[in-house]
Amino acid sequence: MQMKRIVLTADNPFDEGMLERAGTFEPEVIANVSRIIDDVRKRGDEAVREYTKRFDGLDLDDYRVPEDEIDAAFDAVSEEVVESLELAAEHIRLFHEQQRRQSWFITRDDGAFLGTKVTPIERVGLYVPGGRARYPSTVLMDAIPAKVAGVDRIAMTTPPASDGRIDATTLVAARIAGVDEVYSIGGAQAIAALAYGTASIERVDKIVGPGNIFVAAAKKLVSGDVGIDMIAGPSEVCILASRYCTPEFVAIDLMAQAEHDPQAICYLISSTEELADRIEELIEGYLPDSPRADITRTSLETKGLIFVTDDLEEAVDVANAIAPEHLEVHVPEPMALIGELRNAGAIFLGDFTPTPVGDYVAGPNHTLPTSGTARFSSPLSVDDFVKRSSVVNYTYETLVSDAEAIRTIATQEGLWSHARSVELRLELIEEALAHMEEHGHDHGAGECC
């Protein structure tokens, strides 16, 4: 097993082109997904059923999972699994409760009342990959922050297995997380149904959750009509390893990412070529024990990339340029680098904090920005499930105080009605005050209307 390797030197400095990241969606994918979305918008449930039969080989009359089937899922899952999911849910809820935002209001010295009103989104759609895969952790990570935020309704869609049923562990996770409705549909048709509604599925206000290329393209196309969390690319890890690391840990952690998918991306930033050689040697020794050895090897050999750097400062610069989904830091004093690490979805510090602890039970969200988007975006959080409304309440005296500045800026922008809306108010108030004074009334300006 050999990953692509680049030795950085003064004559061969790092360049972002070395990352060879994929670009946007292929036009054919966008065109096919667009047709599916348009069809579901026009024909609703009928179109959803047809695509489910075409792509999943299932003819489902009713794709809402009944409550008794969800209840029965607990009997099909071991007590150990249920307890593990409940522990993960507890940690995830505890972490996300710290993210709650409160509405706030202030009164300026001139009497203006201002603030921000925080309101939960009413309806959220949660997409969970399914079929042969099991992702109960994704259910917990995406649904619990929504419930902490106060979302009224969560509708989950996930592709069924060949027998038409949803994996029992996924259903257990849905119940633990507080999902309100579960539908056994997947693909672009599920995203379209959530975005625009059908007779069976009420439309939602925002869609979250990962999926394959068709799901990602569908989310991109419906964005704007509904909110979305992010467009997820292939999962990725970057491991920054000094000569003092434990290479066995680095090797297995690269494999833990690579076994997700042949398209998963693994970066290793190594302080020496000897360390890189040792890590590759260890991976080769571990591979025969992995049930997903073929997937792991394909990912590492086709998508893996090793950078060998001269010093820690250069290694940090490379990590920031990669802006990975997951960043593991294996150096003697990892906490000392926190201030320097600017771009990463999640940062895992030290030998005893592998990425899997964040995938499952640590508490922070594992729905993270990919493909370098950690440069400008963040993990899924409670903030993704609330909206903020600005609140403004001026008094007459405040309007008088700010009127000239408003008129000046509006006039500069050529917006006559903007300026006139302020002037008209002041004129009418002044007329009313003059009228009251003439007739012997003694009211404040704020009471004249």
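- Applying the ring-ring contact (aromatic ring centres under 6.0 Å, His included) test to every pair with at least one member in residues 341-383, sequence neighbours left out, gives no pairs at all.
- Within 6.0 Å of CD on Gln98 lie more than 12 heavy atoms contributed by other residues, nucleotides or ligands.
- Around atom OH of Tyr63, more than 12 heavy atoms belonging to other residues, nucleotides or ligands sit under 6.0 Å away.
- The closest side-chain heavy-atom distance from Thr355 to Asp253 is not below 4.5 Å.
- Sorted pairs that involve residues 335-364 and meet salt bridge (Lys or Arg N to Asp or Glu O under 4.0 Å), not counting sequence neighbours, are lacking altogether.
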Name the atoms and distances for all side-chain donor-acceptor pairs under 3.5 Å in residues 256-267, with sequence neighbours left out.
| residue | atom | partner | partner atom | Å |
| --- | --- | --- | --- | --- |
| Gln257 | NE2 | Ser235 | OG | 2.4 |
| Asp261 | OD1 | Gln263 | N | 2.6 |
| Gln263 | OE1 | Lys303 | NZ | 3.4 |

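- Ser401 and Thr398 share no side-chain donor-acceptor pair at under 3.5 Å.
- Environment of CZ in Arg108: crowded, with over 12 heavy atoms of neighbouring residues, nucleotides or ligands closer than 6.0 Å.
- Defined by atom type and a distance below 3.5 Å, a donor-acceptor pair is missing between the side-chain atoms of Asp142 and Tyr127.
- Arg407 CZ: more than 12 foreign heavy atoms inside a 6.0 Å radius.
- For Glu86, the CD atom counts as densely surrounded, since its 6.0 Å shell holds more than 12 non-hydrogen atoms of other residues, nucleotides or ligands.
- Looking at Tyr51 and Asp56, their side chains never bring a donor and an acceptor atom within 3.5 Å of each other.
- Checked by atom type, the side-chain pair Thr119/Lys117 shows a donor-acceptor distance below 3.5 Å.
- Annotation: cation-pi geometry satisfied between Arg41 and Tyr196 (NZ/CZ under 6.0 angstrom from ring centroid, within 45° of ring axis).
- When the shell of 6.0 Å around CZ of Arg165 is examined, it contains 12 or fewer heavy atoms from other residues, nucleotides or ligands.
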Given Glu328 and His330, is the side-chain hydrogen bond (donor to acceptor under 3.5 Å, both in side chains) satisfied, shown in steps?
CA-CA 6 Å; Glu328 288 192 15; His330 293 257; 2.8 Å; yes

